[in-house]
Enquirer: 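My questions all concern the structure below.
Convention: sequence-line order gives letters A, B, ...; per-chain numbering from 1.
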Amino acid sequence: MQKERDFKKQEQKWKEYWEKEGVYRFDPQKEGEVYSIDNPPPTISGRMHIGHSYSFGQQDMIARYRRMRGDNVFYPFGTDDNGLATEKLVEKENNVRMFDMSRSEFISLCQDTLKKIRPEFIQDWKDIAMSCDFSLNYSTISSHVQEMSQNYFIDLYENGRVYHKDGPTIWCPLCQTAIAQAELEDKEKESVFYEIEFKTEEGGLTIATTRPELLPACVSVFVHPSDDRYKKLIGKKATVPIFEQQVEIIADEEVDMEKGTGAVMCCTFGDVTDIEWFYAHKLPLRNCLTKDGKLNEGAGKYEGLSVEEARERVVSDLDIVSRKEIEHTINVHERCGTGVEIIPTKQWFIKYLDLREEFLRLGEELLWIPEHFKTRYMNWVKGLRWDWCVSRQRYFGIPFPFWHCSGCEKKIVAERSQLPVDPFSEKPPESCCGEVLPDENVLDTWATSALTPQIVQSLTEKKVFPMSLRPQAHDIINFWLFYTLARSKMHFDKLPWERATISGFVLDEKGKKMSKSKGNVVDPQKVISNYGADVLRYWISGTKFGEEARWSEKEINSGKRTLNKIWNAARFSLSHLEGYSPSERPLEVEDKWIVSKLNRTLKQYKEHFENYDYSKARKAVDHFFWDDFCGNYIEMIKSRLYDQKRNPDSAKQAMYDSLLGTLKMYAPFIPFITEEIYHEYFIEFEKEKSIPLTLLPKEGDIFTEESLMDEVVEVMSLIRKYKTEKSIPMGQRISEIVLSKEKEHLKEYIEIIKDTLRIDNIRFTESETEVQI
RNA sequence: GGACGGUUAGCUCAGCUGGCUAGAGCGCGUCGCUUACAUCGACGAGGCCGUAGGUUCGAGUCCUACACCGUCCACCA
């Protein structure tokens, strides 16, 4: 038996063992209720960060618990490896730019790069002891998934849920692609608020704007209908300075009279309000921007300038009425931080705004943990204003299975048997009046990752859909959770899962968000190599779903201490259990007491886990193990074990049950050390090749004399206190203790107290003093 | 502007449907190397439970305002 614990060696050993033995392999034949987990496929865009280890660790504890309660756990593992995030990584890794390469070149570079980094990427998840079946593996760019994604998209197309339309699109000029509403982020930016005068028949009209370079795209001026300053101008024309176009002055309630001058120009398109006005007032379209964020021919002499340059030039060419420095928030693309523009382009949309009520109903039906995240989902759905723009003007993604006829603009859909199809390299199934050209777009990655329940269902014969659980972090409720639910509604008219658990974020020691630029990032890889994955997981198990966790080196330490305690308690127990075979036997009172405590703990533990409160479950075990078992019980039985008196086998049996129960209850949290100890002794009697494959013990009855023994424990604590107060070392023998007569009902347990605390004699007295020598 | 969460010992948090003389761990102080463990053990100090009202025999616990912190959504001309 080893004395010292080398966690690095041990963790390595068990990772290999689990893999070799297929411990976490899904067995469709296994009995037990199927518990299927829609495990988030992490985006290959770097290595696993601490937030990943946190949320994946949390869900893994649930998975491990479900397995040990007897469920047949279906727990696949996928990677999301297409789309912008992966493209950015490939650009960085290879020091290239996508737009400098041909489409096919870039795609094969992506494939090659992924091949190289994917195994190492997945290894991070194995290192935190995710108990997934890694052979149930999928990649969202694999041809199998491409085929599925295209198939489901064609389904939507055939059901009239897909349209291809020209219209204002949220556009990232850096990534040069359309993006969805959900991909926007706010950013504070310094800016200048300019007041510019337009000419009208009635004289000057001053408008206020932060974007004077958009003057060439100005199509109207808006004022509030009840604004006395401008009432007389409503319906009249105004002339845009420099560009000289005549635009109508229109009234609209949306205008804020307090802001700027109370008159605002509408450009197609400056912002979301402009789009609303564009549709509501049937305004003309006058685009002045190109796809890479420069001014186009519509901007006359400013053509070719970037937005910033043009702004400067326009401002110097104008008579500015006034300027004011302001801070305001702009919408940026969350992937790159670039300010977005709205430009008219042709895009693919999935029509779903009409299903909002249904999405709300399903959101209500889903079980949320914690519950309050439902509200966030509901608010998001209520606030939806755009259909889902699913086309991206990028290379590395799943192509749209379509061609377009240059003559009549007819869309030609790929045959199902052709899928997966890349319209660039394959022929369309039919010809048309004009040249038939491939659709150049790729699908939004969320359109594919929204199909993970279907993807993982395709990996097994066993019915796993609708799934039991969707675990994920709160930042993608509006993306992944919502989109998956939306697709499930559209394709199957039902919820994709029964329940969703939502994880919070990990903050730094000061409670701030971690970010590379702030340099306050904690690497899970480092934590694992310093302390081991068990310690990391122990820390993770200290907070609940939905809660933010503040990183703390001190808290990490308490995990270290707990593991050490477990290790040492096992050293003691196993040294006495050597040669002992468990069996049913009548127990002594203190042995019944600890088993009773164990049963109580098991009951609480299961209740907490059934409520998805793993952290309370863990605390229940902590209390049992540290206080009841180590603090009291082991001390109580030492003399019996060392001196072979008063039925030591009874003590061994209780110790067997307590330690094994403890290990099993700890196993979902700290799989390595529990496995190590299990293999040292218990495996011989438990038979299962790995502790995660064993079942949690059934909790037995609460011992009727438990509370009397609790009193005995209290008396011992009083005697310890007395010794402390008198500065008597704990190990020193005491010849006599005198207890108050009130404790006389405990006298049949007096031997336990005497043996545990090394007291020669205990007698009772009428006096009020509870303890005296 | 709307919504959601949080505010309890120096720190991190427990306190369910109201009964608490308010708990735990860490940290702190004193003592102790007692044959599993000093990564330990024993004992102790430390809180008017964000503020102000209200309901109640009784309120961290329920209600109403407000404040501060965090997050999401909207606005952002």
Side-chain angles (χ1 to χ4, degrees), chain A residues 3 5 181-182 184 186-189 191 193-195 207-212 214 218 221-222 254-256 259-267 270-274 277 326-331 370-385 474-475 477-478 504-505 507 509 511-513 542-544 546-550 552-576 611 615-616 619 622-623 626-627 630-631 634-635 638 641-642 717 719-733 757-758:
Chain A
K3 210 60 180 158
R5 194 171 79 90
Q181 184 185 349
L184 296 177
D186 287 350
K187 194 176 179 181
E188 281 286 321
K189 211 188 146 199
S191 186
F193 206 30
Y194 298 99
E195 291 186 5
I207 62 105
T209 182
T210 54
R211 312 254 345 233
L214 294 182
C218 177
V221 172
F222 280 90
E254 284 287 300
V255 176
D256 181 354
K259 197 149 193 172
T261 59
V264 51
M265 67 171 179
C266 171
C267 307
D271 63 29
V272 180
T273 318
D274 291 346
W277 284 334
I326 55 160
E327 278 264 309
H328 75 158
T329 13
I330 58 164
N331 282 322
E371 214 177 337
H372 70 259
F373 279 110
K374 177 165 77 184
T375 316
R376 185 180 292 193
Y377 166 88
M378 299 302 244
N379 285 344
W380 170 256
V381 173
K382 285 177 197 155
L384 278 177
R385 308 166 73 171
H474 66 75
D475 56 331
I477 288 174
N478 305 341
F505 275 179
L507 306 174
E509 289 200 78
K512 298 281 170 213
K513 253 190 188 163
T543 50
K544 302 188 223 185
E547 274 181 356
E548 286 174 335
R550 199 186 263 222
S552 158
E553 209 75 23
K554 276 180 191 160
E555 295 290 321
I556 278 289
N557 221 33
S558 94
K560 242 171 83 182
R561 287 176 44 246
T562 302
L563 293 194
N564 187 254
K565 191 81 175 169
I566 294 170
W567 187 248
N568 284 307
R571 288 319 88 202
F572 172 83
S573 306
L574 298 192
S575 73
H576 289 283
N611 292 329
S615 71
K616 279 206 185 116
K619 276 163 196 160
D622 284 343
H623 173 69
W626 208 293
D627 300 332
C630 295
I634 286 186
E635 293 308 320
K638 270 180 182 167
L641 294 173
Y642 284 123
S717 151
I719 296 171
R720 287 197 186 103
K721 180 174 174 168
Y722 176 82
K723 278 177 138 178
T724 299
E725 277 166 2
K726 299 283 179 212
S727 291
I728 303 166
M730 285 299 149
Q732 189 178 315
R733 280 208 83 84
L757 296 176
R758 302 171 190 220

Enquirer: C75(B), U71(B), A77(B): which one has an atom nearest the side-chain heavy atoms of Val255(A)?
Expert: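 Within the option list, the nearest is A77(B).
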
Enquirer: Compare the minimum distances between each of C72(B), A77(B), G70(B) and the side chain of Lys512(A), then state the nucleotide with the smallest one.
Expert: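 From the listed options, G70(B) comes nearest.
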
Enquirer: Quick check: any donor-acceptor pair below 3.5 Å linking the side-chain of Thr329(A) to the base of C76(B)?
Expert: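 Check passes, donor-acceptor contact within cut-off.
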
Enquirer: Hunt down the Watson-Crick or G-U wobble partner of G32(B), both distances under 3.5 Å, from any strand shown, or write none.
Expert: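 Check on G32(B): paired to C40(B), both distances under 3.5 Å.
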
Enquirer: C43(B) base to Lys721(A) side chain: any donor-acceptor pair below 3.5 Å?
Expert: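 Counting by modelled atom types and ignoring angles, no donor-acceptor contact under 3.5 Å is found here.
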
Enquirer: Quick one: on RNA chain B, does Arg720(A) or Ile207(A) contact a more 5' nucleotide (nearest heavy atom)?
Expert: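 Its nearest nucleotide being more 5', the pick is Arg720(A).
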
Enquirer: Can you tell me the base-pairing partner of G53(B)? Count Watson-Crick or G-U wobble geometry only, both distances below 3.5 Å, and say none if there is no partner.
Expert: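 Paired with G53(B), as far as the under-3.5 Å criterion goes, is C63(B).
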
Enquirer: Under 6.0 Å from the six-membered ring centre of Trp567(A) and within 45° of its axis: does the NZ or CZ of Arg571(A) meet both?
Expert: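 Judged by the rule, Arg571(A) and Trp567(A) form a cation-pi pair.
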
Enquirer: Is Asn478(A) side chain donor-acceptor paired with the C73(B) base, going by distance under 3.5 Å alone?
Expert: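 Between C73(B) and Asn478(A), which were checked side chain against base, a qualifying N/O pair under 3.5 Å is absent.
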
Enquirer: How long is the straight-line distance from CZ of Phe222(A) back to CG of Asp274(A), given to the nearest 0.5 Å?
Expert: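 Between Asp274(A) CG and Phe222(A) CZ, I get 8.5 Å after rounding to 0.5 Å.
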
Enquirer: Between C20(B) and G60(B), how far apart are the P atoms? Round to whole Å, please.
Expert: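 Straight-line distance between the two P atoms is 11 Å.
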
Enquirer: Can you tell me, in whole Å, how much space there is between the P of G50(B) and that of G15(B)?
Expert: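 Pairwise P distance, G50(B) against G15(B), rounds to 15 Å.
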
Enquirer: Looking at C26(B), C37(B), A77(B), which one has an atom nearest to any side-chain atom of Arg561(A)?
Expert: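 Comparing C26(B), C37(B), A77(B) against the side chain of Arg561(A), the answer is C26(B).
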
Enquirer: Start at the 5' end of RNA chain B and walk down; is the nucleotide closest to Lys616(A) or to His372(A) reached first?
Expert: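 Mapping each residue to its closest nucleotide by heavy atoms, the 5'-most match is His372(A).
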
Enquirer: Sticking with atom P, work out how far G18(B) lies from C26(B), rounded to a whole angstrom.
Expert: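 My reading of the P atoms in G18(B) and C26(B) gives 33 Å.
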
Enquirer: Pairing check on U71(B): which nucleotide meets the Watson-Crick or G-U wobble criteria with it, both distances under 3.5 Å?
Expert: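 Pairing partner: A3(B).
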
Enquirer: I want to verify a distance call: between U39(B), A74(B), U12(B), whose nearest atom is closest to the Trp380(A) side chain?
Expert: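 When the side chain of Trp380(A) is considered, A74(B) is the closest of U39(B), A74(B), U12(B).
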
Enquirer: Provide the Watson-Crick or G-U wobble partner of U12(B), both distances under 3.5 Å; none if there is no partner.
Expert: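 Paired with U12(B), as far as the under-3.5 Å criterion goes, is A24(B).
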
Enquirer: Where the side chain of Arg550(A) is concerned, which of U12(B), A74(B), C43(B) is the nearest nucleotide?
Expert: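 Side chain of Arg550(A) sits closest to U12(B).
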
Enquirer: Side chain of Trp626(A): nearest nucleotide among C43(B), C76(B), G41(B)?
Expert: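 Given the options C43(B), C76(B), G41(B), the side chain of Trp626(A) is closest to G41(B).
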
